[in-house]
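In what follows, a single structure is set out as structure tokens and then discussed.
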Amino acid sequence: MTDTQWPRFQVFHQEQPGRPHTNAGAVHAPDAELAIQNARDVFVRRPDCVSLWVVPADQIFSLTAEEISRSGLPPAPAAEGGLQRYLVFIKRTQVGSHEHAGAVSATSGQAALAEAVSTFGKADGLVWWVVPERLVNRTEADQIGSLFGPAKDKPYRDQAFYHTTTLMRQIRGRPKQEA
Amino acid sequence: MNEAERLAAFEARIHRGEKIEPGDWMPEEYRRQLIRMISQHAHSEIVGMLPEGAWITRAPNLRRKLVLLAKVQDEAGHGQYLYHAAETLGATREEMIEALLSGRAKYSSIFNYPSQSWADMGVIGWFVDGAAILNQTMLARCSYGPYSRANIRISAEESFHMKQGKEQVILMSQGTPGQRTMVQDAVNRWWWPTVMMFGPHDHESPNSPVLIRWGIKTKTNDELRQDFVNQVAPEVLELGLSLPDPDLRYEQASGNWLTGPIDWDEFWRVVKGNGPCNAERIAARRKAHADGEWVREALAAYAERQPTT
């Protein structure tokens with residue numbers, strides 16, 4: 001029986017236009033195209049998403065504040081290749097998630113991490129992720145209707161659709177009937 | 001830093017309310033306990049689709065059918081959130097699924113009870129999802145970042161599960177004599193299994209102290225169970241329904257609803273695999289996994305033909 005330890009993709013979703021893409025979790029998928037599809041099925045059952053990005057999890061370079069306090073900043077390695085752009089995601093609050101902060105240019109993932117920490121400041125970062133921008137797969141404008149539209153007309157997925165508090169209040173207020 | 005200093009620094013972080021993230025130092029036992037808990041939680045979401053999935057085709061109207069479909073879909077998604085949270089600790093989904101399909105893995109015993117009537121859809125939502133929400137709201141404050149985030153997302157989505165069930169129980173309890181009989185029967189069958197869902201009493205729960213010390217849990221089994229009984233018991237009685245516990249009473253001094261003794265023999269019998277539906281649940285998961293094999297093969301074949309990035 002074949003099983004599917006397919007590659008993992010980290011998923012970033014945008015709740016409103018203009019808001020940063022934020023890490024929602026991860027999916028397994030055989031390729032980046034299906035990763036978008038799986039991300040939509042797993043993370044967009046409700047109408048709070050206008051855009052999805054997926055990135056291969058094994059291409060993310062990660063650094064935590066705890067690692068820096070233990071071992072210092074990683075040494076910048078010698079240039080390994082040409083300069084390329086990396087997207088930067090930072091987790092800034094204890095309960096928060098990794099938010100898109102911007103981009104840096106660097107010759108390697110390790111160098112991009114060091115660049116991200118110095119560009120965006122070490123003070124309030126808890127976790128930094130960088131990933132080559134060319135590996136980011138994004139939903140296109142013409143997919144938005146078909147991917148995110150169906151979640152908009154399902155109000156019964158929201159707890160406010162059920163008036164249990166009102167029903168209980170009505171029953172409490174009713175005169176007791178003799179059995 | 002030696003091992004003892006690392007552990008002290010780790011516990012100080014937890015004490016300050018910091019979240020532990022992948023990459024951070026953690027004791028092996030913290031990792032082991034989390035993988036155990038998160039994988040069991042994930043399996044519970046997946047197996048939890050089965051008792052309700054069985055009633056989708058028999059829903060009494062389209063509204064109830066849409067609601068039940070949406071709820072079961074959510075459970076599938078919640079299972080995925082959780083498998084991925086466990087993967088950040090080094091477990092693989094493949095290993096976890098294999099443990100479930102082979103019958104080695106544990107999951108919440110509540111799902112080894114059969115769903116016998118439509119009224120069970122109401123009572124499962126109110127009782128079982130209500131109990132799960134209490135647990136998951138606590139776990140949303142867990143010290144491990146990825147598990148905490150998965151539970152925040154689950155808790156936000158799951159409040160609809162509880163309310164759609166409670167709405168049905170309320171309406172049936174005020175309905176025809178036939179509906180009242182049906183919903184009372186469902187309440188009678190699900191009450192005790194739900195009370196047992198929180199696990200053994202604290203003094204018989206060997207993992208509790210370390211889970212609380214490391215901020216994985218912030219409440220004990222008995223505390224969560226008491227919260228559940230206090231929340232649900234008075235409202236069930238207000239609906240003119242009864243609960244199958246002659247010793248159930250309100251204690252003025254503590255403000256708690258106290259239950260009679262719990263039948264732990266039954267609990268352990270079901271945990272150890274001898275509940276009414278243990279074999280049926282695993283057989284259903286195996287069949288679903290086998291039936292999906294051609295889809296996995298087709299997707300893999302498609303991916304192989306794509307130009308690599």
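Using a 4.5 Å cut-off between heavy atoms, A:Ala65 makes no contact with chain B at all. Interface residue B:Ser159: backbone and side-chain heavy atoms are both found under 4.5 Å from chain A. Residue contact with chain A, scored on non-hydrogen atoms closer than 4.5 Å, is absent for B:Ile20. Contacts between B:Arg13 and chain A at a heavy-atom distance below 4.5 Å involve the side chain alone, from C-beta outward. Of the atoms belonging to A:Lys91, it is side-chain heavy atoms, and not backbone ones, that fall under 4.5 Å from chain B. Contacts between A:Val42 and chain B at a heavy-atom distance below 4.5 Å involve backbone atoms as well as side-chain atoms. Interface residue B:Pro22: only backbone heavy atoms are found under 4.5 Å from chain A.
A salt bridge between B:Glu235 and A:Arg172 is present, with a side-chain N of the basic residue lying under 4.0 Å from a carboxylate O of the acidic one.
In this structure, the separation between CG on A:Leu126 and CD on B:Glu18 is 7.5 Å, given to the nearest 0.5 Å.
Contact between A:Arg70 and B:Trp25 at its shortest, heavy atoms only, is NH2-N, 3.5 Å. Contact detail for A:Leu34 and B:Tyr302: the closest heavy-atom pair is CD1-CD2, 4.5 Å. Here the closest heavy-atom approach between residue B:Leu239 and residue A:Met168 is recorded as CD2-SD, 3.8 Å. Across all non-hydrogen atoms, the minimal contact from A:Thr164 to B:Glu167 is CG2-N, 3.6 Å. Taking both residues in full, the closest heavy atoms of A:Ser97 and B:Arg149 are given as OG-CD, 3.6 Å, listed atom of the first, atom of the second, then distance. Contact record, A:Glu67 with B:Gly23: CG-O, 3.5 Å, taken as the closest heavy-atom pair.
For the pair A:Asp31 and B:Glu304, the minimum side-chain heavy-atom distance is 4.5 Å or more. For the pair A:Tyr162/B:Met162, no side-chain contact is recorded, criterion being any heavy-atom separation below 4.5 Å from C-beta on. Within the 4.5 Å cutoff, the side chain of A:Gln94 has no heavy atoms near those of the B:Glu21 side chain. Between B:Phe160 and A:Asp158 there is no side-chain heavy-atom pair separated by less than 4.5 Å. A heavy-atom distance below 4.5 Å is not found between the side chains of B:Leu69 and A:Tyr156. Contact check for B:Glu238 versus A:Ile171: no side-chain heavy atoms found under the 4.5 Å cut-off. Side-chain contact between A:Gln37 and B:Leu299 is absent, with no heavy-atom pair separated by less than 4.5 Å. The side-chain heavy atoms of A:Phe161 and B:Gln164, taken from C-beta on, include no pair separated by under 4.5 Å.
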What verdict does the side-chain hydrogen bond (donor to acceptor under 3.5 Å, both in side chains) test give for B:Gln73 and A:Arg157, after you've listed the backbone C-alpha separation in whole Å, the side-chain angles of each residue and the deciding distance to 0.1 Å? CA-CA 11 Å; B:Gln73 271 182 354; A:Arg157 285 187 185 274; 2.3 Å; yes

Is there a side-chain hydrogen bond (donor to acceptor under 3.5 Å, both in side chains) between A:His28 and B:Gln80 once you walk through the steps? CA-CA 9 Å; A:His28 289 275; B:Gln80 298 303 323; over 6 Å; no

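A:Gln159 and B:Lys163 share a side-chain donor-acceptor pair at under 3.5 Å. In this structure, a donor-acceptor pair under 3.5 Å is present between the side chains of B:Gln174 and A:Arg174.
When each of A:Ser62, A:Gly96, A:Ser69 is scored by its heavy-atom pairs under 4.5 Å with chain B, the top score falls to A:Gly96. The greatest number of non-hydrogen atom pairs below 4.5 Å with chain A, out of B:Lys71, B:Arg6, B:Glu157, is found for B:Glu157. Of the listed residues B:Glu158, B:Arg153, B:Lys166, the one with more heavy-atom pairs under 4.5 angstrom with chain A than any other is B:Arg153.
For B:Arg305, the CZ atom sits in a loose shell: 12 or fewer heavy atoms of surrounding residues, nucleotides or ligands are nearer than 6.0 Å. Atom CD of B:Glu5 is surrounded by more than 12 heavy atoms from other residues, nucleotides or ligands within 6.0 Å.
The closest donor-acceptor contact from the side chain of B:His84 to the backbone of A:Gly25 lies at 3.5 Å or more, if one exists at all.
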